[in-house]
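To find a chain, count down the sequence lines: A is the first, B the second, and so on, and within it residues start at 1.
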2 protein chains.
Amino acid sequence: MGRRAEEYIEIIYDLSRGGERVHVKEVAERLNVSLPSVTEMFQRLAEAGFLNYHRYYGVTLTDKGRKLAEDLEKRHQTLKEFLHLLGLEEEEADREACKIEHVVDPETVKLLTKFVEFIEMHDSPRWLARFRKYYLSGELERCPKIKDGV
Amino acid sequence: MGRRAEEYIEIIYDLSRGGERVHVKEVAERLNVSLPSVTEMFQRLAEAGFLNYHRYYGVTLTDKGRKLAEDLEKRHQTLKEFLHLLGLEEEEADREACKIEHVVDPETVKLLTKFVEFIEMHDSPRWLARFRKYYLSGELERCPKIKDGV
DNA sequence: TCCTCTTGTTAGGCTACCCTAACTCTCTGG
DNA sequence: CCAGAGAGTTAGGGTAGCCTAACAAGAGGA
């Protein structure tokens, strides 16, 4: 399975919340690809056991497909959350997460998951606010405890 | 240019420190691909103006190629440094950086660059050590200033 | 009902990679 | 100096994606 196939799976998952079948057109619009490209991918993913595909009907995820989708979804959320927490705006964080999630391995996901947890445990620590300011302005907020001599 | 092409460029850059020409075989070994695959890519990259290619001789980077390589190198270093700083072991950090660098956009690189700088400015802050411990052990080091009631 | 619009599919073709088999060049050692 | 080893190239083929053009199915209104 290529990286792109994973994106199809995620989108299908997203579009099928509630168990509805997913149509070629919706997916084509999401991915900005042609209808035939989607049909073709549906067939390949069905072949590989991720989708139930019936001509002129649409697709649903198999258990295997859903499992993969849930995994990808989790990665995506982690990565997005991480990037957003550091200061990327939400849209950007989402887009970047989308690309990174297909290449990164589980250990890295774990690392970042822990990092997000760690930050959330501390309820947005002061250093994070300081970092964000640094990222946005390029300047460091003066740390009030340290006085530089004139 | 596809993602893979960028990997070729980076490897060529790395193998040509000192200005030496780079041979098909070395690249093939690095990437674990066949010799013809490398020849083919050399030709494509030369066509696109990144390499000087002469049959049976080897390649050198053009200015355009070097510029790209330097950019990729910087990204790579940033990503690796970042992952390593958080606690991934060096080899792993390197491998992951390799994959991520080809998909991420400049803003994200900037974000992570700033983050690395921020940490280094503070000379490995205490929270980082605490985070690493959390990542490795799954447990939080008790923060000495906060006492929980019995 | 049936005709038309929309959606879906097939056919045929493209690029970026990858491969093996077979051939060619370079270069070094005897 | 020239033969053979080893490196490089060409030819031919494969997969994953993408596209357009042309045709097919199905659903809704006259």
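- Residue contacts for A:Phe42: at a heavy-atom cut-off of 4.0 Å it reaches no nucleic acid atom on any strand shown.
- Put simply, the side chain of B:Thr62 gets close to the backbone of B:Gly49: a donor and an acceptor are under 3.5 Å apart.
- The side chain of B:Thr39 sits closest to D:dT9 out of D:dT20, D:dT9, D:dG17.
- The phosphate of D:dC19 (OP1 or OP2) has a side-chain N or O of A:Ser34 nearer than 4.0 angstrom.
- Using a 4.0 Å heavy-atom criterion, one finds that B:Arg44 contacts the bases of the nucleic acid, with or without backbone contacts as well.
- For B:Glu47, the CD atom sits in a loose shell: 12 or fewer heavy atoms of surrounding residues, nucleotides or ligands are nearer than 6.0 Å.
- Between A:Met1 and A:Leu35, it is A:Met1 whose nearest contact on DNA chain D lies nearer the 5' terminus.
- Just one residue in the list B:Arg66, B:Lys80, B:Arg17 forms a salt bridge (charged side-chain N to carboxylate O under 4.0 Å, His left out) with B:Glu73, and that residue is B:Arg17.
- Regarding B:Arg55, its CZ atom lies at a distance of 10 Å from the C1' atom of D:dG8, rounded to whole Å.
- Among the atoms of the strands shown, none is found under 4.0 Å from any heavy atom of B:Glu26.
- A:Glu7 comes within 4.0 angstrom of nothing in the nucleic acid, heavy atoms only.
- The CZ atom of B:Arg4 sits 5.5 Å away from atom OH of B:Tyr8, with the distance rounded to the nearest 0.5 Å.
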